[in-house]
Asks: 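Submitted below is the structure of interest, expressed as structure tokens.
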Number of protein chains: 2
Amino acid sequence: MADTSDRRARRRAQTLEEILDLALDLMAEEGVAGLSLSAAARRLGIRPPSLYKYFPSRHAVYDALFERGQRAYLEAVRRGAAGREPGLAAMAASLEAGARWVMANQALAQLMFWRPVPGFEPSARAYAPALAVHDHFTALTAAAIERGELHPDAASEEGQALGSSLIAGLLSQQLSNEPDAAFEEGRFTRWVARLPGVLVALYPPR
Amino acid sequence: MADTSDRRARRRAQTLEEILDLALDLMAEEGVAGLSLSAAARRLGIRPPSLYKYFPSRHAVYDALFERGQRAYLEAVRRGAAGREPGLAAMAASLEAGARWVMANQALAQLMFWRPVPGFEPSARAYAPALAVHDHFTALTAAAIERGELHPDAASEEGQALGSSLIAGLLSQQLSNEPDAAFEEGRFTRWVARLPGVLVALYPPR
DNA sequence: AGCTTTGGCTACTACCTATAGCCTAAGCTA
DNA sequence: TAGCTTAGGCTATAGGTAGTAGCCAAAGCT
């Protein structure tokens, strides 16, 4: 029935992924906002207009990459926490896993967290995993408070704002100043492992 | 002698500034990387190629804006500290002045601190004020340690990395999540006034 | 009065995104 | 098996961009 058609659909899905891979390469080479669909088409071996059979616009390519990135990032922070006691230990592991993912996927991370592409706004669908990431860290904070590892104020609006700014700041500085440094050697990423300690210093329990 | 020529030079300088102002408007409207020299020329009332009599390339416009921004930012952080006792008080005032400048000059700040324009690297000349900003904060940290307001470790590589990440993180989060919020109401900028307290908590004196 | 320079201009090249519409071959269906 | 449909190529084209070449008038210098 839809068996042979599946083959066609599978080939199409393969091409879609291939285009996204090429676009990612190009973004890494030319800068996130420097992506050219024509260049991607050339690398794929087709003429530029043919690429529009797969994506209706340049923004649609960005949106697909945004979603792919958000899903991968969510997966990374979840895997980081997996197997750890919920609380500060899981948060530490999760932050580090997320930071490592960002450093290993810089073009994607820039697209996701710094929005350097004029006019591009992610669709709700593409943005959805970001909400799950937020929930993930909220839950870990709550668990840490529950276990008496952090003061309850850490869960406040302020505490969450500071926490997210801490990790965002370290990564932003690392990316703009030493993008090629190994995670352990980076002047800023080296702090990531100590972030839970910083949180405890700022929100000591009890 | 060069007296009448001065008039010509002055007119030219005026036009240069006018172009930069228009470019800044366009960056605010269309995104930093979305600047079009053709659009700037249209607003100025000349044909696009004529604009190349003033700037040799689009990157040259970015470079001039980068330098203008760095100078203004340096001026802002210096004025913030002026009249304060050198040390933590001056640092607090300086951080806040800088943060206010960033929120009031978002397009410029993005160009300066996030480099969203593919292929654009600032010239040494344009970058020079950034080094002065760095020295400014290094001096304030040293003064704070001298006065016994911070532990000497705050001046270490690590301490400086954390300090710059803190302010960078808050601003990065504020810009991407609530760019239009008033400084006092911003979920992230509200923290700026408390940053010196955070530093003291992390690097308690003695 | 005449030379030089500035700052306009048009014309053009070489890219880009995106649309319109053609055509072939793969695949579905009677 | 024959014929219809559609996916996925293509060319041509519109209209945008950055940037170059080269012309020319007027301002300014000597």
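Values below: all heavy atoms of this structure, side chains included; hydrogens, waters and symmetry mates excluded.
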Asks: What nucleic acid atoms does B:Thr15 come within less than 4.0 Å of, heavy atoms only: base, sugar-phosphate, or nothing?
Replies: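 Counting heavy atoms under 4.0 Å across all strands, no contact is made by B:Thr15.
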Asks: Between A:Ile19 (CD1) and C:dT17 (P), how many Å, whole number?
Replies: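 It is 13 Å, rounded to the nearest whole Å.
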Asks: Atom CZ of A:Arg12 to atom P of C:dA26: distance rounded to whole Å?
Replies: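 So the two atoms are 17 Å apart, to the nearest Å.
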Asks: Counting N and O atoms only, with roles assigned by atom type, does the side chain of B:Glu30 sit under 3.5 Å from a partner on the main chain of B:Gly34, one being a donor and the other an acceptor?
Replies: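 Not confirmed, B:Glu30 side chain does not pair with B:Gly34 backbone.
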Asks: In whole Å, I'd like the distance from the NZ atom of B:Lys53 to the C1' atom of C:dT10.
Replies: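 Atom NZ in B:Lys53 sits about 12 Å away from atom C1' in C:dT10.
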Asks: From the options D:dG22, D:dA21, D:dC10, select the nucleotide whose nearest atom is closest to the side chain of A:Pro49.
Replies: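 Of all the options, the side chain of A:Pro49 is nearest to D:dC10.
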Asks: How would you label the contact of B:Ser50 with the nucleic acid (heavy atoms, under 4.0 Å): base, sugar-phosphate, or nothing?
Replies: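 It contacts base atoms.
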Asks: Any Lys/Arg nitrogen of A:Glu96 or A:Arg100 sitting under 4.0 Å from an Asp/Glu carboxylate oxygen of the other?
Replies: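 Yes, A:Glu96 and A:Arg100 are salt-bridged.
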Asks: Would you call B:Arg187 and A:Glu157 a salt bridge, using N to O less than 4.0 angstrom?
Replies: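 A salt bridge links B:Arg187 with A:Glu157.
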Asks: If I take atom CD1 in residue A:Ile46 and atom P in nucleotide D:dC10, what distance separates them, rounded to the nearest angstrom?
Replies: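 Between P of D:dC10 and CD1 of A:Ile46: 6 Å.
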Asks: Indicate yes or no: does B:Arg71 engage B:Glu67 in a salt bridge with an N to O separation below 4.0 Å.
Replies: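 Judged by the 4.0 Å cut-off on N to carboxylate O distance, B:Arg71 and B:Glu67 do form a salt bridge.
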Asks: What nucleotide among C:dC9, D:dG28, D:dA18 has an atom nearest to a side-chain atom of B:Arg47?
Replies: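 Within the option list, the nearest is C:dC9.
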Asks: Strictly below 4.0 Å: does B:Tyr52 bring a side-chain N or O up to OP1 or OP2 of C:dG7?
Replies: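 Negative; the distance criterion is not met.
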Asks: Side chain of B:Leu37, heavy atoms from C-beta onward: which of D:dG19, D:dG9, C:dA18 has the nearest atom to it?
Replies: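 Out of D:dG19, D:dG9, C:dA18, the nucleotide with an atom closest to B:Leu37's side chain is D:dG19.
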Asks: Starting from P on D:dA18, measure out to CG on B:Leu51 and report it in whole angstrom.
Replies: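 Spelled out: CG on B:Leu51 to P on D:dA18 is 9 Å.
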Asks: To the nearest Å, give me how far apart CZ (B:Arg7) and P (C:dT6) are.
Replies: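 Rounded to whole Å, this separation is 16 Å.
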Asks: Any donor-acceptor pair under 3.5 Å linking the side chain of A:Arg79 with the backbone of A:Leu74?
Replies: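 Between the backbone of A:Leu74 and the side chain of A:Arg79 there is no qualifying donor-acceptor contact (under 3.5 Å).
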Asks: For the side chain of A:Ser38, counting heavy atoms from C-beta on, which of C:dT17, C:dA18, D:dT17 is nearest?
Replies: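 Among the listed nucleotides, the one closest to the side chain of A:Ser38 is C:dT17.
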Asks: Nearest to the side chain of B:Arg58 - C:dG7, C:dT19, D:dA18?
Replies: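 Nearest listed nucleotide: D:dA18.
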Asks: Nearest-Å distance, CZ (B:Arg42) to C1' (D:dA18)?
Replies: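 My rounded result for the distance is 13 Å.
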Asks: Nearest-Å distance, CZ (A:Arg11) to C1' (C:dA25)?
Replies: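 Taking atom C1' of C:dA25 as the reference, CZ of A:Arg11 is at 13 Å.
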